[in-house]
Amino acid sequence: MTLCLSLLFLFTIQPSHSITTTTAYAADNSLQRIKDRGKIIMATSPDYPPYEFQVSKHGKSQVVGMDVDIMKQVAKDLGVKLVVKSMSFSNVLVAVETGKADVAMSGINPTPERRQSVDFSKIYYNGGQSFLINKTDAGKYTNKASLAHKIIGAQTGTLQYNLAKSKIPGAKVKGMDKNTDLVLALKTHKIDALGIETPSAEAYVKNDPDLKMIKSGYNLNKNDTGSAMALKKGSGTLVAAINKSITKIKAKGLPNQYLAQAGKYMKVNTHNTSMMHYWTYFAKGIEYTLIISAISVIFGVLLGTILALMRFSKSKLLHAISIAYVEFVRGTPLMVQVMFVYFGIGIVVNLPALLSGIIAVSLNSGAYVEEIIRGGINSVDKGQTEASASLGLAKTDTMRFVVLPQALKNIWPALGNEFVSLIKESSIVSIIGVTDLIYQLNIVRADTYRGVMPVFVAMIIYFVMTFILTRVLNYFEGRMKHAK
């Protein structure tokens, strides 16, 4: 009897916690999902040498750096292929949270705030914190205390940004999305210093004679300030497998070897920094910019026309939908719309970055085109519709053959302006890693350490594209004016 009671106690009470743990572990299929798929997707912001940056190898742009090499070894240990997705730093953790990527690696510090949103691997490298300053200010800024009440630059959303705000008295912190922009701001004296991790600071100093590095002097917890991989919450099995691989990588001293290799890439990078040497980058950027703009124009006009016709419909529902759509789209920034389509809708449907960009830009353009078309229809004299009715034309035929052709003549300049604006506004898709002209511009800037010249080249390219489009639009406008 006692034995039976003991067995009953063991099977019904004591194992309950173990059963729960086992069930939770079984529910976590993060590692098995990666192995079944045969690839692991890494999100990164390749503007942070020597951790991750882009170089030209065999005529193609590739992401290299210590983080990439470490992730390649992890992928090898897991027996899968590595796929690298480039995007802005502010989006790498979002990509993990929404399932666009399995791992985020971009010199990410596992701060307590970030641990609330994602899981972290163990620290794979701890490089410390430093400041970059302009070499002309070397005698003025020598330590953290000398930067009090100065303008400190840091990448938005990073540990360096928060440290500058909390640990430098009176500092005005200026955040930007890309370190290439911050380095340019530093070299042009827009900021006094740039908070950055020591390996990156050393890499910039070795390759740019206009910069100098000083130690930060921060007293920090290494567990919060080292670099770690970020993964989606609940990825316990995958984290465990990655930690095992990191332990092996650190035991072999591979991070320092990878840093040395990254340094070699950077030296090669500065061998030829002429803009002609990078013409293929700009050409690829032009190609993607024109693809996005052309497709978005077509779908934007189609959507805008449908919305305009809905606006004039006698159906109160269609009328309300058209107004609501236009007001909502015009009331939200295009950048937010791009991120929502890529990350938000991406939770349900995994859309590629290029397709997400085209959809977002098309949906945005449709709202503005609708207002242009609506204005054009209202500009047609009411006598035209009355005359059509007297001739027995149906309302649909009146709209198709009488109103819309005249409206098109009236709105052509405004419509053309929307087309021109679309070429420039489509540049926002670079934040989700679409290789348009702005994306390629940032690659060239990171590659050459030249801040102004790539921007100037991109500006000229945009001008040429819009100038040619304007001339084409003016030609058709002239044809319309002379048409009977």
Side-chain angles (χ1 to χ4, degrees), residues 17 20-21 23-31 33-34 40-45 48 51-52 67 70-71 74 85 87-129 154-168 173 175-177 179 195-197 216 218-247 335-336 339-340 342-348 350 431-433:
H17 176 71
T20 303
T21 303
T23 303
Y25 185 82
D28 170 24
N29 64 342
S30 54
L31 176 59
R33 187 175 67 251
I34 297 297
I40 186 166
I41 301 172
M42 166 188 170
T44 189
S45 177
Y48 203 56
Y51 288 87
E52 48 271 321
D67 282 357
I70 289 176
M71 198 62 228
V74 170
K85 276 190 176 183
M87 58 190 67
S88 64
F89 181 80
S90 59
N91 286 329
V92 293
L93 293 182
V94 180
V96 168
E97 292 180 72
T98 56
K100 285 291 184 182
D102 305 304
V103 179
M105 280 187 82
S106 202
I108 303 171
N109 308 116
T111 61
E113 294 80 10
R114 287 174 178 162
R115 288 184 184 275
Q116 295 178 18
S117 303
V118 294
D119 287 340
F120 277 102
S121 69
K122 62 170 61 177
I123 302 292
Y124 62 82
Y125 189 77
N126 202 313
Q129 304 295 320
Q155 202 169 14
T156 305
T158 61
L159 174 68
Q160 292 78 28
Y161 185 94
N162 295 328
L163 288 173
K165 288 187 71 174
S166 62
K167 294 186 177 294
I168 302 179
V173 184
M176 295 183 183
D177 282 340
N179 273 310
I196 193 170
E197 289 207 27
S216 68
Y218 294 138
N219 185 18
L220 303 171
N221 181 348
K222 289 187 177 181
N223 292 326
D224 294 336
T225 59
S227 296
M229 303 180 194
L231 302 95
K232 192 173 185 178
K233 274 287 185 184
S235 303
T237 54
L238 183 57
V239 170
I242 287 176
N243 282 344
K244 183 178 179 181
S245 185
I246 290 175
T247 300
M335 182 177 72
V336 175
M339 292 174 64
F340 177 78
Y342 185 59
F343 294 113
I345 297 178
I347 297 176
V348 181
N350 191 12
I431 64 171
I432 58 172

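Heads up: numbering here begins at 1 and tracks the sequence.
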(request) Among residues two or more places apart or on two chains, list those pairs meeting salt bridge (charged side-chain N to carboxylate O under 4.0 Å, His left out) that have a residue in residues 119-129. (result) D119-K233

(request) State the CG-CG distance between L220 and L159, to the nearest 0.5 angstrom. (result) 6.5 Å

(message) I want to check something: taking the side chain as every heavy atom from C-beta on, are V96 and K232 in contact at a cut-off of under 4.5 Å?
(response) yes

(request) First locate atom OG of S235, then atom CZ of R33, and finally report the distance between them rounded to the nearest 0.5 Å. (result) 6.5 Å

(request) Taking S121 for its side chain and V239 for its backbone only, find out whether a donor-acceptor pair lies under 3.5 Å. (result) no

(message) Quick check for you: to the nearest 0.5 Å, what is the distance between I34 atom CD1 and I40 atom CD1?
(response) 5.0 Å

(request) Quick one: list whatever passes side-chain contact (heavy atoms from CB on, under 4.5 Å) with S216, sequence neighbours left out. (result) Q129, F131, Y218

(request) Locate the shortest heavy-atom distance separating A104 from V92; write the atom from each residue and the value. (result) CB-O, 3.7 Å

(request) Could I get the full list of side-chain contact (heavy atoms from CB on, under 4.5 Å) partners for N219, not counting sequence neighbours? (result) none

(request) Measure the shortest side-chain to side-chain distance between V103 and I242 over non-hydrogen atoms and say whether it is less than 4.5 angstrom. (result) yes

(message) Quick check: do Y342 and I431 have side-chain heavy atoms less than 4.5 Å from each other?
(response) no

(message) Quick one: does any side-chain atom of N109 pair with a main-chain N or O of T158 as donor and acceptor, under 3.5 Å?
(response) no

(message) For the CE atom of M71 and the CD atom of E52, what is their distance to the nearest 0.5 Å?
(response) 12.5 Å

(message) Could you go through M229 and I70, starting from their C-alpha distance and side-chain angles, then the distance that decides it, and tell me whether this counts as side-chain contact (heavy atoms from CB on, under 4.5 Å)?
(response) CA-CA 10 Å; M229 303 180 194; I70 289 176; 3.8 Å; yes

(message) To check you understand the geometry: which heavy-atom pair defines the closest contact between F89 and I108, and what is its length?
(response) CE1-CG1, 4.1 Å

(message) Show the nearest heavy-atom pair for residues G107 and D67, with the distance to one decimal.
(response) N-OD2, 3.0 Å

(request) Measure from the side-chain N and O atoms of S30 to the backbone N and O of L238, and report whether any donor-acceptor pair falls under 3.5 Å. (result) yes

(message) The criterion is ring pair (Phe, Tyr, Trp, His ring centres under 6.0 Å); which residues satisfy it with Y51, sequence neighbours excluded?
(response) Y48

(message) Minimum heavy-atom separation for A228 and P110, please, with both atom names.
(response) CB-CG, 4.1 Å

(message) Do V336 and M339 have side chains that approach each other closer than 4.5 Å (heavy atoms only, starting at C-beta)?
(response) no

(message) Listing request: all salt bridge (charged side-chain N to carboxylate O under 4.0 Å, His left out) pairs with a residue in residues 103-114, at least two apart in sequence or in separate chains.
(response) none

(request) Could you tell me the separation between the NZ atom of K85 and the OG1 atom of T44, rounded to the nearest 0.5 Å? (result) 13.5 Å

(request) List in chain and number order the residues that pass side-chain contact (heavy atoms from CB on, under 4.5 Å) with I345, two or more places apart in sequence or in another chain; answer none if no residue qualifies. (result) F340, V341, L351

(message) Is the shortest side-chain heavy-atom distance between Q160 and E197 below 4.5 Å?
(response) yes

(request) Could you tell me whether the side chain of T156 reaches within less than 4.5 Å of the side chain of S90, counting heavy atoms only? (result) no

(message) With rounding to the nearest 0.5 angstrom, report the OG to CG distance, S45 to N179.
(response) 8.0 Å

